[in-house]
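For the single chain, residues carry numbers from 1 onward in sequence order.
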Amino acid sequence: MTHDLKGKAVLITGASTGIGAAAARAFGRLGSRVAIHYNASRKAADEVAKDVRASGGEALLVGGDVTRGADIKRIVGETLAALGRIDVLVNNAGGLVKRTRIEDYDESFLKDVIALNVTQVALFMHEVIPIMRKQKSGSVINVSSIAARHGGGAGAIIYAGAKGFISTATHGWAKEVVGDGIRFTSATPRRSS
């Protein structure tokens, strides 16, 4: 049953386009209060917010670069200040960065992929889990990738490995907070990289 999501405070990273935007619209249809995170796509985020409101939900826009720890802290702080709590965290932000062959890896590329797909998720966990522990409830959905299961296509191996980290770490995070009333899901979209 999904009627229990009415009025719930939901923070979705990378919610201006793609999977994140679809999730924001779905939570909106269920009457949730949705914090729509965006980075460069403010106009698209505005459209998602309009759709959420039109379908009966509430929408809050929160901008910021998830590869910056200070921005993550601010995004969570603004969400908590506006919504009073965080019932659901959807760690959706992430991306391939670019396809790169093994011989073309450099330290900068590796850091960029890890920052966008691993570090920021761990930092959102660091900021949000204490809030959920105090509430004695919460739900976290970590978006992985089918690439995590098969190693990714040519030039996407580091991305696949990063998403594999998310899938594995989600199991560990779930074990750590099982006694705090917090549930975890690792969602794996069907599209391959």
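You'll find the side chain of Leu11 reaches within 4.5 Å of the side chain of Val62, heavy atoms only.
Put simply, the side chain of Thr168 never gets that close to the backbone of Phe165: no donor and acceptor are under 3.5 Å apart. Judged by distance alone, with hydrogens and angles left aside, the side-chain atoms of Arg85 form no donor-acceptor pair with the main-chain N or O of Gln135 at under 3.5 Å. With hydrogens and angles ignored, the 3.5 Å screen pairs a side-chain donor or acceptor of Asn117 with a backbone N or O of Val113. Asp106 contributes a side-chain N or O that, together with a main-chain N or O of Ser108, makes up a donor-acceptor pair within less than 3.5 Å. Judged by distance alone, with hydrogens and angles left aside, the side-chain atoms of Lys73 form no donor-acceptor pair with the main-chain N or O of Arg68 at under 3.5 Å. Of the possible donor and acceptor atoms, one in the side chain of Asn92 sits under 3.5 Å from a partner among the backbone N and O of Thr13. For the pair Ser32 (side chain) and Leu5 (backbone), a donor-acceptor distance under 3.5 Å is present.
The two residues Thr100 and Tyr105 make their nearest non-hydrogen contact at O-CE2, 3.4 Å.
For Leu123, the side chain to side chain contact (heavy atoms under 4.5 Å, CB included) partners are Ile72, Thr119, not counting sequence neighbours.
Hydrophobic clustering (ILVMFWY, side-chain heavy atoms < 4.5 Å, transitive): Ile131 and Val178 are in distinct clusters.
One side chain, Ser144 or Ser167, offers a donor N or O that lies under 3.5 Å from an acceptor on the other.
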Check the pair Arg74 / Glu78 against salt bridge (Lys or Arg N to Asp or Glu O under 4.0 Å), numbers first and verdict last. CA-CA 6 Å; Arg74 181 183 48 74; Glu78 287 179 11; 3.1 Å; yes

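The pair Asp46-Arg42 counts as a salt bridge, with a side-chain nitrogen and a carboxylate oxygen less than 4.0 angstrom apart.
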